[in-house]
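Report on the following structure.
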Amino acid sequence: MRKAVDQIRVDLQTGQECRNSRLFFDPKAARMTNLSKVRLLGCRVDTVRQLYRGMVRPEVLALFEESGLVSFAGHQWHAGRVSRDSGYQYKLQNNDLGFVLLLKNFNVKADVIGAHMKIEVSPHAIQSSPPDVLQEWMDRFATAALQCMEANQCAVHLALDVQGWQPPKDLMDRLLCRARTRRSITGISEVFYDGEAVSYGNGQSFLFGSASGMQLAIYDKTLQAYSIDKLDYWQSVWKTMDNPFAPDDDQNYDAKAPVWRVELRFHHSIVQQFADGSASMDTGAMIDSRTYRDLAPHLDGLFQYGLESFRLCSSKGVFDAFWTLLRQDTKVSVPAVSLAGRTHYKRHYKTSQGFSGKNVDLFIGNFISLVARERVGAKKAFASLRNWECWPVIRDHYAHKGMDERALYKRIKQLLEERVVRWGRAV
């Protein structure tokens, strides 16, 4: 691909070039674009996958003789097997910590040094710890699992969240890249994650590239987060975003507007090429990173590398105004080390609007069956429900659907009567 140029940013009052303006001029098409309504909600590391080489310790393999909770490296984990598609045989998972440990390469014997471990880190763990602390956690787990342990490169996903912008209808035509794989999902409930299809309801998403290389994904993050019960978490993140390049009115997240995500996914082989091919302009030394900690200072350069590889253009040889905005105003945010060397943790609370409510509806159905079996009347059943610790979530969920407490009581009474008439009390 030939080198493209950015659009010119023009001051609305003077007509002169202005670095911080949101008015863009396409010199080839002689067209102006106003992006003053676009809100950048921050660019973050969404996924870290750290790979390790070594030999699996026999006592670690013994943990998988039976599935269930096990103790490993001072923490409780859920142990189990994983599908062959992952490339590994076993998994230790602790979603509270935010780590998934994949162990024992399918193609290498356990007592032979090989790529036997991959640690996947969740967004909340990434955002709660600076890179050096996060690396210490991963190295500690790898040391406990492997003999002759050594880091073997990492893969990262860099995600920018934005409001006030959505993909143009001709995105598939205007986005240039070397990738042969392109997917557009319109009106279908799918978004792709390295081979997985995640259902999130009606929407539209785009995927360019392959999981074994570099990918660009553009999708409605609000719908996806809602479907997996993570909307409350992401709303708390968006409300506290910090973008020093944004104008003052760009600092406010609008809970009523959709959030679109522009996500660049780098396979570990791409990160390796980036590390081997990038050098310091001062010393000439190559980056030569093998860990997330070593890569962290270069994430801005990696993000720019991705935006150069996938180009949204408004005309031939000219970047789209939105792409110019991303290239010039986006900085990848990573947690900084505090003076005390500690991390400040802040709780966020789930609300009834932050998830689909399927669990509440399923619970009410099972609740009706149980109270009918125990011959509990509607008044007593409703009273016990109101005394339960989870009642506020149930109440708010149905209030959000236009049903107050009285209406909910009538609904439970009706369901209980139907249950008794159709199935009997003791069935």
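Since the structure is predicted, the reported quantities are computational estimates derived from the model, not experimental observations.
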Just by modelled atom types, is the Gln76 backbone N or O under 3.5 Å from a matching donor or acceptor in the Asn94 side chain? yes
Is there a donor-acceptor pair closer than 3.5 Å between any side-chain N or O of Ser236 and the backbone N or O of Tyr233? yes
Just checking, Arg84 and Phe106: is the charged tip under 6.0 Å from the six-membered ring centre and within 45° of the axis? yes
Verify side chain to side chain donor-acceptor pair (under 3.5 Å) between Asp294 and Thr291, making sure each step is shown before the conclusion. CA-CA 5 Å; Asp294 296 337; Thr291 65; 3.1 Å; yes
Can you find a pair of side-chain heavy atoms, one from Arg22 and one from Arg9, that are under 4.5 Å apart? yes
Can Lys118 and Tyr88 be said to form a side chain to side chain contact (heavy atoms under 4.5 Å, CB included), step by step? CA-CA 9 Å; Lys118 177 167 68 174; Tyr88 297 84; 3.4 Å; yes
Is it true that Ser314 and Gln7 share a donor-acceptor pair across their side chains at a distance under 3.5 Å? yes
Assess the residue pair Arg395 and Leu408 against the criterion (side chain to side chain contact (heavy atoms under 4.5 Å, CB included)); give the C-alpha distance rounded to whole Å, side-chain angles, the decisive distance to 0.1 Å, and a yes or no. CA-CA 8 Å; Arg395 178 196 60 204; Leu408 179 56; 5.7 Å; no
Contact between Trp260 and Pro167 at the side-chain level, heavy atoms closer than 4.5 Å - yes or no? yes
Closer than 4.0 angstrom, basic N to acidic O: yes or no for Arg290 and Asp288? yes
Is any side-chain heavy atom of Phe319 closer than 4.5 Å to one of Arg327? yes
Salt-bridge criterion met for Glu308 and Lys3 (N-O under 4.0 Å): no
Can a side-chain donor-acceptor contact be found between Asn366 and Ser369 if the only test is distance below 3.5 angstrom? no
Hey, are Asn95 and Gln93 close enough side-chain-wise for a donor-acceptor pair under 3.5 Å? yes
Pairwise side-chain contact, Asp220 with Gln166, heavy-atom cut-off 4.5 Å (strictly under): no
Consider salt bridge (charged side-chain N to carboxylate O under 4.0 Å, His left out). Of Lys239, Arg44, Lys221, which one does Asp161 pass it with? Arg44
Against Met117, only a single residue in Leu51, Leu101, Leu102 fulfils side chain to side chain contact (heavy atoms under 4.5 Å, CB included); can you say which? Leu101
Side chain to side chain contact (heavy atoms under 4.5 Å, CB included) between Trp77 and Phe141, worked out: CA-CA 12 Å; Trp77 304 79; Phe141 295 147; 3.8 Å; yes
If we only count heavy atoms from C-beta on, is the Met214 to Ser309 side-chain gap below 4.5 Å? yes
Any side-chain heavy-atom pair of Phe322 and Val162 under 4.5 Å: yes
Any carboxylate oxygen within less than 4.0 angstrom of a Lys/Arg side-chain nitrogen, looking at Asp46 and Arg261? yes
Centroid separation under 6.0 Å, is that true for the rings of Trp137 and His75? yes
Distance (rounded to the nearest 0.5 Å) between Asp329 CG and Cys43 SG: 12.0 Å
Please round to the nearest 0.5 Å and tell me the distance separating atom OG of Ser128 and atom CG of Leu134. 7.5 Å
Do Leu35 and Thr33 come close enough that some side-chain heavy atom pair is under 4.5 Å? yes
Main-chain N/O of Ile113 paired to Lys109 side chain as donor or acceptor, under 3.5 Å: no
Measure from the ring center of Trp391 to the ring center of Phe382 and say whether it is less than 6.0 Å. yes
Could you please spell out the steps behind the side chain to side chain contact (heavy atoms under 4.5 Å, CB included) verdict for Val108 and His116? CA-CA 8 Å; Val108 183; His116 279 303; 3.5 Å; yes
Yes or no on ring pair (Phe, Tyr, Trp, His ring centres under 6.0 Å) for Trp388 and Phe363, after CA distance, side-chain angles and deciding distance? CA-CA 13 Å; Trp388 189 37; Phe363 167 77; 4.8 Å; yes
For Trp323, is the NZ or CZ atom of Arg174 found under 6.0 angstrom from the centre of its six-membered ring and inside 45 degrees of the ring axis? no
Any donor-acceptor N/O pair, Asp170 side chain to Asp173 backbone, under 3.5 Å: no
Does any part of the side chain of Asp361, heavy atoms only, come nearer than 4.5 Å to the side chain of His397, both counted from C-beta? yes
Spell out, as yes or no, whether a donor-acceptor pair under 3.5 Å connects the side chain of Gln50 to the backbone of Gln153. yes
Is Lys37 paired with Asp254 through a side-chain N to carboxylate O contact shorter than 4.0 Å? no
Donor-acceptor list for residues 54-72 side chains, cut-off 3.5 Å, not counting sequence neighbours:
from: Arg57; atom 1: NE; to: Thr143; atom 2: O; distance (Å): 3.2
from: Arg57; atom 1: NE; to: Leu146; atom 2: O; distance (Å): 3.4
from: Arg57; atom 1: NH2; to: Thr143; atom 2: O; distance (Å): 3.2
from: Arg57; atom 1: NH2; to: Leu146; atom 2: O; distance (Å): 3.2

Count the heavy atoms belonging to other residues, nucleotides or ligands that lie under 6.0 Å from CG of Asp276, then report whether that count exceeds 12. yes
Report yes or no: does Glu263 contribute a side-chain atom to a donor-acceptor pair with the main-chain N or O of Leu158 at less than 3.5 Å? no
Before you tell me yes or no, could you show the steps for Arg39 and Gln163 under side chain to side chain donor-acceptor pair (under 3.5 Å), namely the whole-Å CA-CA distance, both residues' side-chain angles and the distance that decides it to 0.1 Å? CA-CA 5 Å; Arg39 295 184 294 277; Gln163 285 188 311; 3.3 Å; yes
We want to know whether Glu405 and Tyr398 form a side-chain donor-acceptor pair, criterion being a heavy-atom distance below 3.5 angstrom. no
